[in-house]
Every structure is written in structure tokens, then in C-alpha cells.
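Below: the structure, in C-alpha cells.
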Protein chains: 2
Amino acid sequence: MTDDRIMTIREMCDSYDVTPRTLRFYEAKELLFPIREGQKRLFTKRDRARLKLILRGKRFGFSLEEIRQLLDLYHMGDQQQTQLARTYEIAQQRLSDMEEQRDELNQAIDELKEQMRWGEKMLASMDQAKKAAE
Amino acid sequence: MTDDRIMTIREMCDSYDVTPRTLRFYEAKELLFPIREGQKRLFTKRDRARLKLILRGKRFGFSLEEIRQLLDLYHMGDQQQTQLARTYEIAQQRLSDMEEQRDELNQAIDELKEQMRWGEKMLASMDQAKKAAE
DNA sequence: CGTCTGAGTTACGTCAACGTAAATTCCCAT
DNA sequence: ATGGGAATTTACGTTGACGTAACTCAGACG
């Protein structure tokens, strides 16, 4: 079980390509909860799982606060039902936002492609004109 | 041709749900070029087209500077070829970024859906337990 | 003519997500 | 014990995209 090894801050930084500052910041914002052995921070398997989710969340534009909400959904244990239901609603809202955004993104990709065919022809004709002028 | 009407800043704000500050800010950043009749700003059809693109661009996380680049591609006229080619490259890069982001987004949507089925069962079983306890 | 409204300018404030610098503190090898 | 390297804490700096306050100015209206 080298899987639930405990890692220092530096090992974490190297593994996930983040700075120490970032990890401490996430701890301050209650996104991570490393063990405090004296002064040092020690990151568990759980912290690594959370960090992966944080980094992925960031890649499609979630705020850290939103990510914290989602992490609560993931790691929800024996909480109150109301709280769980509430967080579940948030996730549903977020999901439909994401689907809408994906659709808009697809549309924009198509339009941009169209526009670029325009630019392509533009370039070609200007190239022609340039050759003809020589 | 009520289409190429000229609009005041307030009409713009109401039509597109932005503040005056935002429109002036976009002008300062050279994203919009309203006519200056004395002191007042007057927004043309062209400004409205650009504003629509700006707002859409923002919805999927482009910075204003990136949007400015794209707007240049859309409204490129008789510019230098090198400049056109350069902007064309930028658009290509952006396009592949967008496609990558869309794919990640799709994956995340699937995973989130999966997670939510989990939460759904969670809710149901807790509801059962609650009823049984009454 | 006074004032009220809407637009404009100037300039400082804000918020998120860290960066960065300075000043400890801790452990360890020499 | 003494320097050398990490890690930590504290706190101020930064960037993007505006918000907001204070003041000026130009018309419109009674």
C-alpha cells in the first residue's frame, strides 16, 4: 500500500506541478486538510484525491468556492439530509450550466471554423495577387 | 433599415444588460468605437455586432485581450498579409484550445452525472431511514 | 433663471487566486 | 555550536474587469 503514503509539501508540488504557496492557500480556504506534524504539513491520499479534483475543476472555470461545494458532495458522509440535498441542487444547477456552455462552445467553434475558411481564401487570393505582381 | 439605427449608451445598456461603465471600459480598451458626437457616445450597428461577440466570448472564458484579437479577425479588411496570417495562427491555436476544453468538459459532465446518481441513492436511502424512524 | 436629469471624466476601491519578500524556526551534518 | 537548506508565518503586491464616489457639464422644463 504505497498508495496511502504520506507526502511532504515538496513531493506534492513536484507530483502535481503546483507551488507551496498554492497548497497552503488551499488549506487556508479549507479545500485541503493536511496533517500538521509539529510545523510540517503531511498530505494524505485523501488530500491528493481532493487536489486532483481541484485542478480539474479549475481547468473548466470553476471558482475555488464552487469547487469546495463540489468536494463536499464527493466526500459527504453522515451529514444532515437538508445540507446534502442543498449541495445536490447546486451540483444540478452547475451541471446544466456546463451543458449549456458546452453547446455554446460547440456553436462558437463552428462559427470560428467558418470564419477561418474566409481568412484562408483571403490569404490565398492575396498570395496570388502577390505572385502576379512579380 | 431600422437595423443600422444609432443607439445611445442607455439604449445599449438596456438592450444588452451591461452598465455604462462597462461600455466606456470596452471603448478604453479599444473593443468598441462609438461615434463621439460632442460629448455623447453613439453606438452603431457595428458596435452592437462587436458587443454581442464580446459577451459571447466572455461566456466561455476568453479574456478581453483575446477577444480583441478575435474581433480583429472578424473585421479584418485590407490589412497586411503578415498581420492577417499572424492573427489566423492565433485563431487556430484558440480553436484547438476550445476543442480540448470542450472534450474535458464533456468528460467532466459524465463524471459529475455519475457522482450525482450516487448522491441520488444516498438521498433516497436517508429518506427511507427517516420515515422508518417516525 | 434655477434645477433636475443623464452623460461624462477622474480616480480610487474591490475581489479572486495566488506571487513574492522578509523574518523566523527546525533539523542535520560538519 | 554553527552554518546550510527546507518549511512556515506574516503581510504586502499583482492582474483583470469592472464598481463606485465625486465632481463637471449640457440640455430640457416649468
Side-chain angles (χ1 to χ4, degrees), chain A residues 5-44 47-48 50-72 90 94 97 101, chain B residues 5-44 47-48 50-72 90 94 97-98 101 104:
Chain A
R5 248 201 74 227
I6 252 171
M7 290 173 65
T8 72
I9 202 170
R10 184 106 308 277
E11 290 172 324
M12 289 292 283
C13 293
D14 294 346
S15 297
Y16 298 96
D17 194 35
V18 294
T19 69
R21 176 68 173 109
T22 299
L23 294 177
R24 296 189 196 110
F25 185 77
Y26 290 168
E27 182 186 6
K29 293 284 171 177
E30 305 195 273
L31 289 159
L32 296 178
F33 309 94
I35 306 168
R36 300 306 292 265
E37 181 132 336
Q39 281 290 54
K40 316 274 175 178
R41 289 168 174 82
L42 296 176
F43 296 84
T44 69
D47 292 309
R48 290 196 292 280
R50 294 177 73 98
L51 181 55
K52 279 181 211 165
L53 291 171
I54 293 170
L55 296 178
R56 202 173 57 193
K58 290 202 54 182
R59 283 205 298 280
F60 22 87
F62 290 85
S63 73
L64 290 185
E65 176 55 25
E66 290 171 323
I67 290 171
R68 207 179 55 71
Q69 310 262 345
L70 289 175
L71 282 175
D72 289 348
I90 293 175
R94 205 102 275 305
D97 284 357
Q101 182 172 350
Chain B
R5 248 202 74 227
I6 252 170
M7 290 173 66
T8 73
I9 200 169
R10 184 106 308 276
E11 290 172 323
M12 289 293 281
C13 292
D14 294 345
S15 297
Y16 298 96
D17 194 34
V18 293
T19 69
R21 176 69 174 107
T22 299
L23 293 177
R24 297 191 195 109
F25 185 76
Y26 290 169
E27 183 186 5
K29 294 283 170 176
E30 304 195 275
L31 289 158
L32 297 177
F33 308 96
I35 307 168
R36 301 304 293 263
E37 181 131 336
Q39 281 290 55
K40 315 274 175 179
R41 289 167 174 81
L42 296 175
F43 297 84
T44 70
D47 293 309
R48 290 196 291 280
R50 294 178 72 97
L51 181 55
K52 280 181 210 166
L53 291 171
I54 293 169
L55 296 178
R56 202 173 57 192
K58 290 202 55 181
R59 282 205 298 281
F60 21 86
F62 289 87
S63 72
L64 290 185
E65 176 55 26
E66 290 171 323
I67 290 172
R68 207 179 54 72
Q69 310 262 345
L70 287 175
L71 282 174
D72 289 348
I90 294 175
R94 206 100 279 302
D97 284 357
M98 286 168 71
Q101 183 173 348
E104 277 193 70

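Throughout, a chain's letter reflects where its sequence line sits, starting with A, and its residues are numbered from 1. Every heavy atom of this structure was used, including side-chain atoms; hydrogens, water molecules and symmetry mates were not.
Looking at B:Glu27 and B:Arg41, a side-chain N of the basic residue comes within less than 4.0 Å of a carboxylate O on the acidic one, giving a salt bridge. Salt-bridge check for A:Arg68 with A:Glu65: passed, with a basic side-chain N closer than 4.0 Å to an acidic carboxylate O.
The nucleotide whose nearest atom lies closest to any side-chain atom of A:Leu64 is, among D:dA17, C:dA17, C:dA7, C:dA17. Closest to the side chain of B:Arg21, from the set C:dG8, D:dT8, C:dA11, is C:dA11.
Nearest heavy atoms, B:Arg36 versus B:Gln39: NH2-O, 3.2 Å.
Regarding contacts with the backbone of D:dT8, a side-chain N or O of A:Arg41 is found under 4.0 angstrom from either OP1 or OP2. Of the side-chain N and O atoms in A:Thr8, none sit less than 4.0 angstrom from OP1 or OP2 of D:dA6. Residue B:Lys58 has a polar side-chain atom (N or O) positioned under 4.0 Å from OP1 or OP2 of D:dC18. Taking side-chain N and O atoms only, B:Thr22 has a distance below 4.0 Å to OP1 or OP2 of D:dG19. Taking 4.0 angstrom as the limit, B:Tyr26 places none of its side-chain polar atoms (N or O) nearer than this to OP1 or OP2 of D:dA17.
Comparing the end axes of the helix from C:dC1-D:dG30 to C:dT30-D:dA1, each fitted to five base pairs by superposing C1' atoms of four pairs onto the next four, gives an inter-axis angle of 30° (nearest 10 degrees).
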Look for any protein N or O under 3.5 Å of an N or O in nucleotides 25-29 of chain C and output each such pair with its distance, or none.
none

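Rounded to whole Å, the distance from NZ on B:Lys29 to P on D:dT15 is 11 Å. Rounded to an integer number of Å, the gap from A:Met12 CE to D:dA6 C1' is 17 Å.
Counting non-hydrogen atoms under 4.0 angstrom, B:Arg24 reaches a base of the nucleic acid.
Residues meeting the salt bridge (Lys or Arg N to Asp or Glu O under 4.0 Å) test with B:Glu11, sequence neighbours left out: B:Arg5.
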